[in-house]
Amino acid sequence: MFALPLAALLLAATASAQQDYTAAHNVTPITGTWSSGSKHVVTGAGFANPAQESFTYPNTTGVSYSFSDDGWYEVARYRFASNASEPNCIIGTVVWVHGHYDLVSNGSIVLTPVGDGYQQVQAPCAATSNFIQNYNFTELFQSWQIFMDPTDGPKLHLFQFDGSPVAPLFQLSPSPNMLPKQVLRNVTANVVTVTSDGLVTTQTQGSRKKRSNGAPELQRPLGAIAGLVVVAMVSTLL
Ligand SMILES: *[C@@H]1O[C@H](CO)[C@@H](O)[C@H](O)[C@H]1NC(C)=O
Ligand SMILES: *[C@@H]1O[C@H](CO)[C@@H](O)[C@H](O)[C@H]1NC(C)=O
Ligand SMILES: *[C@@H]1O[C@H](CO)[C@@H](O)[C@H](O)[C@H]1NC(C)=O
Ligand SMILES: *[C@@H]1O[C@H](CO)[C@@H](O)[C@H](O)[C@H]1NC(C)=O
Ligand SMILES: *[C@@H]1O[C@H](CO)[C@@H](O)[C@H](O)[C@H]1NC(C)=O
């Protein structure tokens with residue numbers, strides 16, 4: 001009997017998803033720039049220069065997400081993690097990626113990259129210790145919610161595919177601070193390398209050329225120990 005009106009309601013909800021998912025999810029729209037912790041990691045030109053495959057390393061570790069109202073997202077992430085089998089081998093990763101996001105009607109968010117993302121990996125105990133490679137992984141967040149924090153304002157909680165939470169993200173600005181919403185790096189000239197520990201890395205010609213003097217060394221920021229996560233499966237990072 002009310003199957004039809006319900007379907008129409010769901011359709012209407014999906015259509016307006018970009019602006020307002022549900023009141024329970026949103027004290028404010030998801031559009032804007034968000035950053036974790038001390039808010040030093042911020043998407044946009046201050047973090048990554050895709051044409052140069054370079055980064056400006058923030059002073060603290062963290063993650064930043066931006067969402068535009070026309071469906072683009074951008075991620076900036078800087079972190080150090082310990083190698084589970086060798087706790088002294090601290091693996092540093094710096095990631096920049098952007099693409100299109102979908103607010104799915106079941107409450108999930110899907111982030112689909114456009115293919116020009118890249119990451120720097122510094123793994124002192126691995127055969128290839130410091131390199132830059134393509135990074136093009138689709139991310140699924142099972143659910144999300146925006147709360148109003150009495151002191152910090154809007155606070156975005158993202159829950160990963162397995163339900164585990166990302167560090168709370170604070171809104172830096174309601175309009176997104178992002179690099180241009182287009183493909184920003186030529187990734188057609190790739191070489192595939194298999195390192196001695198069996199990890200397959202896809203490196204770009206550009207980063208290969210830079211290998212002679214290596215990627216710039218990552219300096220673990222003071223206080224990063226507190227933010228260390230133990231990586232059970234190093235392969236998820238690479
Ligand atoms: C890091 O801190 C130094 C000293 O306060 C400052 O000069 C520099 O601009 C900061 N770097 C970034 C990327 O914010
Ligand atoms: C990046 O991933 C997306 C989503 O899986 C895919 O459509 C696209 O072809 C990939 N791009 C490259 C350059 O691998
Ligand atoms: C982690 O430690 C193991 C054991 O020393 C080593 O073989 C492996 O290459 C390390 N992985 C990375 C990514 O550093
Ligand atoms: C929502 O839909 C997406 C895309 O179809 C799917 O990958 C995800 O697992 C779904 N989320 C939940 C919580 O069922
Ligand atoms: C990308 O690089 C390839 C190989 O060097 C080159 O043939 C191609 O023209 C480049 N494409 C763009 C859009 O610059």
Side-chain angles (χ1 to χ4, degrees), residues 6-26 29-30 43 47-55 63 65-68 70-77 93-121 131-147 156-169 178-195 199-210 235-238:
L6 188 66
L9 214 102
L10 281 174
L11 258 175
T14 311
S16 65
Q18 218 87 311
Q19 270 68 45
D20 178 25
Y21 179 60
T22 67
H25 272 82
N26 274 340
I30 198 169
T43 53
F47 181 81
N49 182 341
Q52 298 296 319
E53 281 177 14
S54 65
F55 295 102
V63 62
Y65 286 85
S66 280
F67 299 94
S68 73
D70 60 351
W72 278 79
Y73 77 94
E74 183 175 323
V75 181
R77 191 164 59 223
T93 53
V94 198
V95 174
W96 175 84
V97 61
H98 72 171
H100 304 284
Y101 73 95
D102 266 315
L103 302 181
V104 187
S105 57
N106 64 10
S108 295
I109 306 182
V110 180
L111 308 183
T112 308
V114 291
D116 57 351
Y118 60 104
Q119 75 168 342
Q120 180 179 350
V121 178
F131 54 88
I132 289 167
Q133 62 183 178
N134 291 336
Y135 183 94
N136 193 46
F137 295 105
T138 298
E139 285 186 64
L140 167 72
F141 293 108
Q142 213 172 71
S143 64
W144 57 283
Q145 267 187 306
I146 299 171
F147 298 98
L156 171 62
H157 290 258
L158 296 171
F159 297 89
Q160 296 178 73
F161 66 95
D162 59 357
S164 61
V166 171
L169 299 160
M178 314 173 92
L179 287 171
K181 295 175 277 186
Q182 62 189 62
V183 174
L184 295 173
R185 199 168 67 89
N186 185 351
V187 292
T188 55
N190 284 328
V191 283
V192 173
T193 314
V194 181
T195 64
L199 300 167
V200 179
T201 67
T202 308
Q203 294 177 286
T204 61
Q205 297 286 18
S207 65
R208 278 233 127 182
K209 283 197 207 97
K210 285 179 210 141
S235 58
T236 62
L237 274 176
L238 301 174

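Each ligand, and each atom within it, is numbered from 1 in the order the structure gives.
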Pairs of nitrogen or oxygen atoms closer than 3.5 Å, one from Thr112 and one from ligand 2: do any exist?
no

Checking His98 side chain against Val183 main chain: does a donor-acceptor pair fall under 3.5 Å?
no

Could you please provide the protein residues found below 4.0 Å of ligand 4 on a heavy-atom basis, arranged by chain and number?
Val104, Asn106, Ser108, Leu140, Gln142

Taking the six-membered ring for Trp, is the centroid-to-centroid distance between Phe159 and Phe141 below 6.0 Å?
no

Taking every non-hydrogen atom, the tightest pair across Thr138 and Pro113
OG1-CD, 3.6 Å

Tell me whether Gln142 contacts the main-chain N or O of Ser108 through its side chain, where contact means a donor paired with an acceptor under 3.5 Å.
no

In terms of relative ring orientation, are Trp96 and Tyr118 parallel, tilted or perpendicular, with 30° and 60° separating the classes?
tilted

For the side chain of Glu74 and the backbone of Leu179, is there at least one donor-acceptor N/O pair under 3.5 Å apart?
yes

